[in-house]
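Here is the naming used below: chain letters follow the sequence lines, and residue numbers restart at 1 for every chain.
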Amino acid sequence: MAVEASDKPHVSDGFDDDDDGPVIFKRSTTSKRNVQGSNAPTSNAQGSSLPKGKIIPSGMVLPKKSSEGISRASTSHVKAYLVNPPIAKPSSERKILSDAKEESSSIIHLTKNNWEDSEDELDNKPLSARLKVNSNNANKATFAVVKKSSEDSDNVDDDDDIPLSARLKNCNFGTSSSKYDNSNQKKPISKVHKGSHDGFNASIKQERPSTLSVKRPLDNTDSLHSSIKKPKLSVLDASISDKKVSMKLEPKVEDDDIDDVPFSQRMKKLSESSSLKKSKNIIKVNKAGSSFKKQATKFKSFSNNSEYSKSTKLLPSSGDGQKKWTTLVHNGVIFPPPYQPHGVKMLYKGKPVVLTPEQEEVATMFAVMRDTDYMQKDKFKENFWTDWGKLLGKNNVIQNLDDCDFTPIYDWCQSEKEKKKQMSSEEKKALKEERAKLEEKYMWAIVDGVKEKVGNFRVEPPGLFRGRGEHPKMGKLKRRIRPNDITINIGKDAPIPECPIPGESWKDIRHDDTVTWLAFWNDPINPKLFKYVFLAASSSLKGQSDKEKYEKARMLKDYIGNIRAAYTKDFTCRDITKQQIAVATYLIDKLALRAGNEKDDDEADTVGCCTLKIENVTPEAPNKLQFNFLGKDSIKYENTVEVELPVYNAILKFQNDKQPGNDLFDMLDTSKLNAHLKELMPGLTAKVFRTFNASITLDDMLNKDTKDGDVAEKIVVYNHANKQVAIICNHQRSVSKSHTAQMSRLTEKIDELQAVLNELKTDLDRARKGKPPLKSSDGKTKKNLNPEALEKKIAQTTTKIQKMQRDMNAKEDLKTVALGTSKINYLDPRITVAWCKRHEVPIEKIFNKSLLAKFAWAMDVDPDFRF
DNA sequence: CGCTGAACTTAGAATCCCCTAG
DNA sequence: CTAGGGGATTCTAAGTTCAGCG
């Protein structure tokens, strides 16, 4: 370990004495020390390699039955989640309490904000939720007294955001704002509810991938029918002043110079300051109340630091060119071990061939691909041969791939695999530990004094490129990456990681605090692309931007009515570009399509919205569109959907006079589309619609479908909602190879059980008549059971059969649906956490360890939270 | 304004690993 | 005790977005 001597923060005592949460180091400005290798006395739940024990992921909420259960739960295990690392001065880094909190009574503040929140969001909530508001506020008020400041902060947090976005909304749409708000109030509740997404979900067919008729509430949205005008820039000035007024309630947010900047930048500033407020730090609180006090005191001392406000000015939103960190310490990356030649000879025209280690290495890469689909693809073999041929050299005996037989190598690899499998568990464990030891120091970085997990600290090993779909480069050799390929990014004062390969050195060292990567290298397959080493998803840097992503999506909720109204108007616009933008936006909104950037010829031929070809959309009279294209990862998108007639007609028009292969939206690309979206809402881009769509669908379905019942039933509801989202987003997975076999095995078992059941029924009949049971199928005599016992058995068997049937159906149902992707990337975790709190579902039933760590920032959300 | 480079999120497959049924 | 099923984790490809440049 080269580094540790130089830069080690002191582990702060008492600050972080427990288990989970990022380790926090209090550091003296003068002597910083490095941590890794010290094996961080404070273990960290985020380290998957660490002893599992009981992980209390970050303020994890385990809804208790106790009366105070739900509300208390949210406050009692709040974890130190430092959402805002990049605070300039170390001394202020640990400042967790915002001054705002200090200055205002948290109770009053809290209550007020919650109240505002409810008001604000009311019209988006179903009646049930509205009715709840009162009691929930009361609830809050009672425990606000004991609330940890962390909770306060987060509440302030969440609530803060809403008024801001609402303000933006109101101002943005100026005169219409009051109408907007009122209109919902005047509406019958049912209509209000309709404004969200039920119409959509209700009509999604379960089966896929065939023609889902996806219908969105879009058509029902009141704003569509109202006369709300397309937002004009001019009204936005109002927004600024409006905002300023309300901002005064929130000390510390500086927006002084905002008047002098152009509109676009103002809006940016707004979003920045919003994210700023958003990211108020959360305190870690131990389950034990006593340690909380200790911590709170500590935090207080930080919080008086006037540096805070200054440094917040530098805070990034996830936006760019902004400072992301102040200090960054890490150990670089770890390289795969050098190739170990095995000496197994492949055959060429039936004869063994001696290969150099380099040639053998690549041959082995190919050999082990035998069982994959790539072997059926000529492109793969062709590309492989091109690259391997170069290594072999012109005069090699091997002159073509067809005469190569890699079987010996393949077999050798298989047997090695087998050997590994056969190892005793102790041996395996020892091996694992060894590896862990080796990697330990690379696993962590210290960002602004907080120990954070690094995501992909292992340099990608050499291999054959496995592009998805019909990728033109599949099979090419991905050469080994050397230190000389790698640029390291690290804090100015941090020791430069020692290059782990003796005699070699890093390509470059940078100290760029506007980016979050720790290292990068050029992708050997496509040198103009980069491979980055980032922090893990559980890091606060990632958590912060994740939260911002969801806040942005929530903001869209306030704009969506007007946006829909605007594009609906443009469906018939004579300006073709505008018309195309309108239709494209409609598709993105309604179908959650991706933006669709242009792609190079050396990539797989896939499309998104803007790059749809005319053959990807087939109109079906009178007003249906059939979509069929390959999207990201060459995943097939097949969907037939009813659209508004003007859209249908517009599509017909766009297709007119075009050849297959031509762009449907020929006047459009993602930058134009996004530029337009940005005019409608600050920070709005195409992808926000996907997040919005997914999250609001979950929120809606959970709140519509959750019934009283046991936890298992509630989980079914959750999974069902999750599945709908996955279908909307077209998240697919390949059917496992053994699926068919598994299904028939299950069928078999069910049949067997059914036979048993029938036999039992016969026996019961006979038993009731006082007759002994018949001989069993294998001819043995059975015990003479009384009718009660038989009935019991019958009931058991029936239950068993039903369960198996259910499992089987679910399995079949989900065989092509990937639930995980939306959970990880699209569903605002606060929806889930809040729902769990409300319905006393343990959060671990929904989020696994990684997700709990990733969503640490969402754990202390108010149970009333709605997306 | 379009193009490219850069940085970051999103994605499915592969692999690991742990549990359970037999 | 062991196979295999399935969830968790790892891996890295494939997207989106944005800034900066000419």
Side-chain angles (χ1 to χ4, degrees), chain A residues 48-49 52 268 318-321 324 368 371-374 417 420-422 425 428-429 432 455-461 463 465-469 471 473-474 478 489 512 514-517 520 522-523 525-537 541-542 545-546 548-549 594-600 603-604 606-611 630-635 669-675 677-678 683-688 690-691 694 726 729-734 736-739 741-742 745-746 749 807 811 814 816 818-822 824-826 847-851 853:
Chain A
S48 54
S49 69
K52 325 244 152 118
K268 192 166 176 196
S318 63
D320 290 82
K324 301 282 191 342
V368 297
D371 300 325
T372 69
D373 297 353
Y374 287 111
K417 236 194 226 166
K420 240 188 207 165
K421 249 199 331 209
Q422 294 308 318
S425 56
K428 279 186 200 164
K429 201 173 261 173
K432 214 181 131 189
N456 52 331
F457 51 87
R458 280 180 274 256
V459 170
E460 295 176 16
F465 178 67
R466 297 156 88 106
R468 311 274 172 86
H471 199 294
K473 296 194 171 182
M474 64 168 75
K478 197 170 77 164
N489 191 38
D512 185 350
T514 69
V515 295
T516 67
W517 54 266
F520 85 88
N522 286 88
D523 179 5
I525 292 296
N526 186 349
K528 54 184 188 187
L529 300 180
F530 314 95
K531 301 284 199 169
Y532 293 91
V533 174
F534 289 117
L535 292 175
L541 221 48
K542 293 281 191 193
S545 73
D546 214 26
E548 281 162 12
K549 171 182 78 185
R594 294 187 185 83
N597 287 296
E598 300 291 336
K599 298 190 76 185
D600 285 346
E603 298 176 274
T606 63
V607 303
C609 185
C610 292
T611 41
L630 296 183
K632 181 178 180 180
D633 293 309
S634 294
I635 296 293
D669 60 40
T670 51
S671 61
K672 280 179 197 149
L673 181 70
N674 282 334
L677 293 176
K678 284 220 162 47
L684 184 61
T685 62
K687 82 195 264 281
V688 180
R690 262 170 90 80
T691 313
C729 295
N730 200 37
H731 290 145
Q732 299 193 23
R733 58 176 186 163
S734 53
S736 87
K737 272 182 224 155
S738 54
H739 178 81
Q742 285 174 33
R745 215 171 307 158
L746 280 174
K749 264 186 198 159
D807 290 352
K811 195 189 175 95
L814 290 174
T816 60
L819 297 185
T821 309
S822 50
I824 295 169
N825 298 301
Y826 287 104
F847 288 158
N848 63 32
K849 205 178 75 172
S850 315
L851 288 177

Could you check whether A/Ser734 gets within reach of a base, just the sugar-phosphate, or nothing at all, counting any heavy atom under 4.0 Å?
sugar-phosphate
A/Leu529 atom CG is separated from B/dA7 atom P, nearest whole Å, by 13 Å
Would you classify A/Arg468 as touching base, sugar-phosphate or nothing, given that sugar-phosphate means primed atoms plus P, OP1 and OP2, and contacts are heavy atoms under 4.0 Å?
base
Proximity to the side chain of A/Asp512 - top-ranked nucleotide from C/dT12, B/dA7, B/dG2:
B/dA7
Kindly point out which of C/dG5, B/dC17, C/dC18 is positioned nearest to the side chain of A/Lys678?
C/dC18
Just checking, any donor-acceptor pair under 3.5 angstrom between side chains of A/Tyr374 and A/Arg466?
no
Give me the ring orientation class for A/Tyr532 and A/Trp517: parallel if the planes are under 30° apart, tilted from 30 to 60°, perpendicular past 60°.
tilted
Do A/Phe530 and A/Asp523 have side chains that get closer than 4.5 Å, going by heavy atoms?
no
May I ask you to check whether A/Thr670 and A/Asn597 show a side-chain donor-acceptor distance below 3.5 Å?
yes
Just N and O in the side chain of A/Ser738: are any of them under 4.0 Å from OP1 or OP2 of C/dG4?
no
Distance check needed: C/dA13 C1' versus A/Glu603 CD, whole Å only.
11 Å
Among C/dT17, B/dG12, C/dG6, which nucleotide sits nearest the side chain of A/Ala686?
C/dT17
Is the shortest side-chain N/O distance from A/Lys549 to OP1 or OP2 of B/dT10 below 4.0 Å?
yes
Could you check A/Phe847 against A/Gly455 and say which one's nearest nucleotide on DNA chain C is further toward the 5' end?
A/Phe847
Rounded distance (Å) that lies between atom C1' of B/dC16 and atom NZ of A/Lys429
15 Å
Considering every strand and a 4.0 Å limit on heavy-atom distances, what is the contact class for A/Pro461: base, sugar-phosphate, or nothing?
sugar-phosphate
Closest nucleotide among B/dC8, C/dT12, C/dT17 to the A/Asn456 side chain
C/dT12
Base, sugar-phosphate or nothing for A/Phe534? Non-hydrogen atoms, less than 4.0 Å.
base
Which nucleotide, B/dC8, B/dA11, C/dG6, lies nearest any side-chain atom of A/Trp517?
B/dC8
Test item: side-chain donor near acceptor, A/Lys599 and A/Thr606, under 3.5 Å
yes
Could you please name the option among C/dT9, B/dC8, B/dA13 that lies closest to any side-chain atom of A/Tyr532?
B/dC8
Short side-chain N/O contact to B/dC8 OP1/OP2 from A/Lys324, under 4.0 Å
yes
Looking at A/Asp373, I want to see if its CG is surrounded by more than 12 non-hydrogen atoms of other residues, nucleotides or ligands under 6.0 Å.
no
Kindly give the heavy-atom pair with the smallest separation between A/Arg468 and A/Ser634, and that separation in Å.
O-OG, 3.9 Å
Nearest-Å distance for atom pair CD/P, residues A/Gln732 and C/dA14
17 Å
Look at the side-chain N and O atoms of A/Arg690 and state whether any lies under 4.0 Å from the OP1 or OP2 oxygen of B/dA11.
yes
Please check the phosphate of C/dC18 (OP1 and OP2 only) for any side-chain N or O of A/Ser671 closer than 4.0 Å.
no
In this structure, how many angstroms lie between the P atom of C/dT9 and the CG atom of A/Leu851, rounded?
8 Å
So, is A/Gln742 near the phosphate of C/dG5, with a side-chain N or O under 4.0 Å from OP1 or OP2?
yes
On DNA chain C, check which nucleotide each of A/Gly608 and A/Glu460 is closest to and give me the residue with the more 5' one.
A/Glu460
Students often get this wrong, so: under 4.0 angstrom with heavy atoms, is A/Ile824 touching a base, only sugar-phosphate, or nothing?
nothing
Over how many whole Å does the gap from A/Arg466 atom CZ to C/dA14 atom P extend?
12 Å
OP1 or OP2 of C/dA14 under 4.0 Å from side-chain N/O of A/Thr606
no
A/Lys687, nearest nucleotide to its side chain (from C/dA13, C/dT16, C/dA14)
C/dT16
Contact class for A/Gly820 vs. all strands (heavy atom < 4.0 Å): base, sugar-phosphate, or nothing?
nothing
Output the single nucleotide from C/dT10, C/dG5, C/dT17 whose closest atom is nearest the side chain of A/Arg458.
C/dT10
Hey, does A/Asn848 reach any base, or is it just sugar-phosphate, or nothing, if we go heavy atoms under 4.0 Å?
sugar-phosphate
Phosphate-side-chain proximity, A/Lys478 and C/dA13, N/O vs OP1/OP2 below 4.0 Å
yes
Please tell me if A/Lys811 has a side-chain N or O lying less than 4.0 Å from either OP1 or OP2 of C/dG6.
yes
Distance test, side-chain N/O of A/His471 to OP1/OP2 of C/dA13, below 4.0 Å:
no
Report yes or no: does A/Asn848 contribute a side-chain atom to a donor-acceptor pair with the main-chain N or O of A/Leu851 at less than 3.5 Å?
yes
Hey, is the side chain of A/Asn825 poking within less than 4.0 Å of OP1 or OP2 on B/dT9, counting only N and O atoms?
no
Kindly point out which of C/dT9, C/dG15, B/dA13 is positioned nearest to the side chain of A/Lys632?
C/dG15
It should be established whether A/Thr516 places a side-chain nitrogen or oxygen under 4.0 Å from OP1 or OP2 of nucleotide B/dA7.
no
Please give, in whole Å, the distance from B/dG12 P to A/Leu819 CG?
11 Å
Along DNA chain B (nearest heavy atom to each residue), the more 5'-positioned of A/Val515 and A/Thr372
A/Val515
So, does A/Ser850 get its side chain near the phosphate of C/dA8, meaning an N or O under 4.0 Å from OP1 or OP2?
no
Side-chain N or O of A/Asn674 less than 4.0 angstrom from OP1 or OP2 on C/dT17?
yes
Looking only at the side chain of A/Lys528 (C-beta and beyond, no hydrogens), which of the listed nucleotides C/dG5, B/dG5, C/dA14 gets closest?
B/dG5
Students often get this wrong, so: under 4.0 angstrom with heavy atoms, is A/Asp523 touching a base, only sugar-phosphate, or nothing?
nothing
Atom NZ of A/Lys849 to atom C1' of C/dG7: distance rounded to whole Å?
13 Å
Just to be sure I understand the rule, does A/Lys749 reach a base, reach only the sugar-phosphate, or reach nothing, if contact means heavy atoms closer than 4.0 Å?
sugar-phosphate
Within 45° cone and under 6.0 Å: A/Lys531 NZ/CZ vs A/Phe520 ring:
no
